[in-house]
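In what follows, a single structure is set out as structure tokens and then discussed.
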Number of protein chains: 2
Amino acid sequence: MFDFYFEKFNEKAPVATTDKALISKHLSLKSLKKKDILLQEGAVCKHTFFVQKGMLRAYTIDENGNEHIVQFAPEGWHIADLYSFFTEEPATLFIDAVEDSEIILIAKEDHEILLSQSHCYETFTRELITAAYVALQQRFNSSMSSSPDMCYSDFMNRYPNIANRVPQHMIASYLGLTPETLSRVRRRIAKAK
Amino acid sequence: MFDFYFEKFNEKAPVATTDKALISKHLSLKSLKKKDILLQEGAVCKHTFFVQKGMLRAYTIDENGNEHIVQFAPEGWHIADLYSFFTEEPATLFIDAVEDSEIILIAKEDHEILLSQSHCYETFTRELITAAYVALQQRFNSSMSSSPDMCYSDFMNRYPNIANRVPQHMIASYLGLTPETLSRVRRRIAKAK
DNA sequence: CCAAATCATTGATCGAAATCAAGAAATACA
DNA sequence: TGTATTTCTTGATTTCGATCAATGATTTGG
């Protein structure tokens with residue numbers, strides 16, 4: 001049932017059988033169709049999501065109605081509006097399914113129980129958020145100090161598994177470019193080879 | 001000696017007297033003059049830094065020699081190149097003192113001992129990195145989806161304590177603008193009022 | 001206290017990405 | 001299978017921030 005989850009868990013923090021049993025009690029499953037929405041801006045984010053299968057994305061919509069994709073989450077990844085999750089303030093992000101997906105939900109109450117009752121769960125959480133912070137830092141640096149061409153190449157190399165599954169205009173949105181600009185970036189890169 | 005540190009610590013995770021004694025053994029102090037460098041790109045980041053007094057900054061230098069400030073750390077904040085700290089790969093960041101400063105250093109070995117020996121230290125670390133992640137996320141969103149004018153106003157409102165202590169060209173660098181552009185942003189905003 | 005360095009502003013020009021517009025290609029689905 | 005929708009590309013134009021250049025203001029430290 002949660003084998004894949006615990007496999008990923010175990011990569012960051014060793015998990016004993018008794019912990020597995022405890023943690024399993026606090027997880028729930030959900031199936032999603034492509035485009036199903038898990039979180040709307042303005043709602044409080046009451047769960048974190050772990051993707052077992054498929055892909056989710058988090059994005060904002062700015063005052064001009066433009067989407068800005070903040071994160072993709074293919075299988076094995078976690079996603080949430082952590083700001084809203086921790087503060088219980090309204091979310092600034094939307095989260096929806098890019099593909100038909102199967103996910104695990106962890107409610108905030110359950111998350112807190114697990115933090116207090118399972119030491120390895122706390123360690124896992126710490127490792128997870130640390131890795132997420134470092135990845136975000138690097139992405140931010142790259143987007144601040146590289147050309148669009150470099151950002152695109154970096155993204156394709158770093159996340160081929162995402163790049164090959166989502167439409168180009170979503171990659172453009174993730175990189176902070178318009179689809180037209182990304183198309184021209186691709187042409188430039190193809191020509192340069 | 002470490003009163004201020006434990007005060008901040010306690011805001012995120014309650015700390016008992018015995019833990020304080022243990023943790024104190026693993027902290028060391030350092031005084032810095034303005035412009036003193038704590039970390040160079042290419043070196044391994046072997047410590048995290050807590051600012052007791054003064055202000056530090058972390059920044060990258062891109063291939064054109066332009067600085068991009070990643071973070072300011074006034075008193076009460078932590079700073080490090082966490083990517084390098086955790087992986088022991090060469091740092092991509094520089095860290096130096098924006099003002100004369102007094103800091104606490106925590107070496108990686110000490111950090112790991114504390115994680116394993118003090119539960120509240122682990123909780124504190126988790127809370128700290130979570131807050132940092134959320135702050136970075138919000139900064140990233142704001143810089144991707146707002147006008148320079150909005151980014152600047154947000155920054156001034158959110159961090160007046162930083163904004164009033166650093167030269168404008170550093171704020172420009174933090175926001176990803178040239179000093180000239182920031183100067184014009186300020187004029188626009190002043191006129192609009 | 002003064003000279004030197006740093007910092008901020010302003011103007012003119014340039015360039016890269018956004019926007020606007022249209023059409024072609026691919027995909028979905030009924 | 002065929003139609004509708006989504007996606008991608010290409011061209012023309014505009015816009016906004018970067019760059020280049022110069023000057024003025026402020027800070028620093030010898």
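Residue numbering restarts at 1 for every chain, and letters A, B, ... go by the order of the sequence lines.
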Considering just the side-chain nitrogens and oxygens of B/T178, establish if one lies under 4.0 Å of OP1 or OP2 belonging to D/dA18. yes

Without decimals, in angstroms, what is the distance between A/I171 CD1 and D/dT7 P? 12 Å

Going by atom types only, do A/E122 and B/T123 share a side-chain donor-acceptor pair under 3.5 Å? yes

Donor-acceptor pair under 3.5 Å: do we get one between A/R186's side chain and the base of D/dT10? no

Heavy-atom side-chain contact between A/F85 and A/K108 under 4.5 Å: yes

Could you check whether B/E75 pairs with B/R165 (Lys NZ or Arg NE/NH1/NH2 to Asp/Glu carboxylate O, under 4.0 Å)? yes

Nearest of C/dC7, C/dT6, D/dT10 to any side-chain atom of A/R184? D/dT10

Nearest-nucleotide wise, let me know which of A/S183 and B/T181 is further upstream toward the 5' end of DNA chain D. A/S183

I want to confirm an ordering. Mapping B/H169 and A/L177 to their closest nucleotides on DNA chain C, which one lands closer to the 5' end? B/H169

Just the rounded figure in Å: distance from C1' of D/dT15 to CD of A/E180. 15 Å

Nearest whole Å is fine: how far is D/dC16 C1' from B/M150 CE? 18 Å

According to a strict under-4.0 Å criterion, is B/Q168 in side-chain N/O contact with OP1 or OP2 of C/dT9? yes

How many Å lie between OH on B/Y152 and P on C/dA8, as a whole number? 10 Å

Round to a whole Å and report the spacing from CZ of B/R187 to P of D/dG24. 16 Å

Distance criterion of 3.5 Å, no angle test: do you see the side chain of B/R188 paired donor-to-acceptor with the base of C/dT10? no

Distance in angstrom units between B/K34 NZ and D/dT27 P, rounded: 11 Å

B/H68 and B/D62: side-chain donor and acceptor closer than 3.5 Å? yes

Is the gap between the ring centers of B/W77 and B/Y159 under 6.0 Å? yes

How many Å lie between CG on B/N64 and C1' on D/dA18, as a whole number? 12 Å

If you check every side-chain atom of A/P148, which of C/dC7, C/dA17, D/dT7 has the closest atom? C/dA17

Rounded to whole angstrom units, what separation is found between the CG atom of B/L182 and the C1' atom of D/dT19? 16 Å

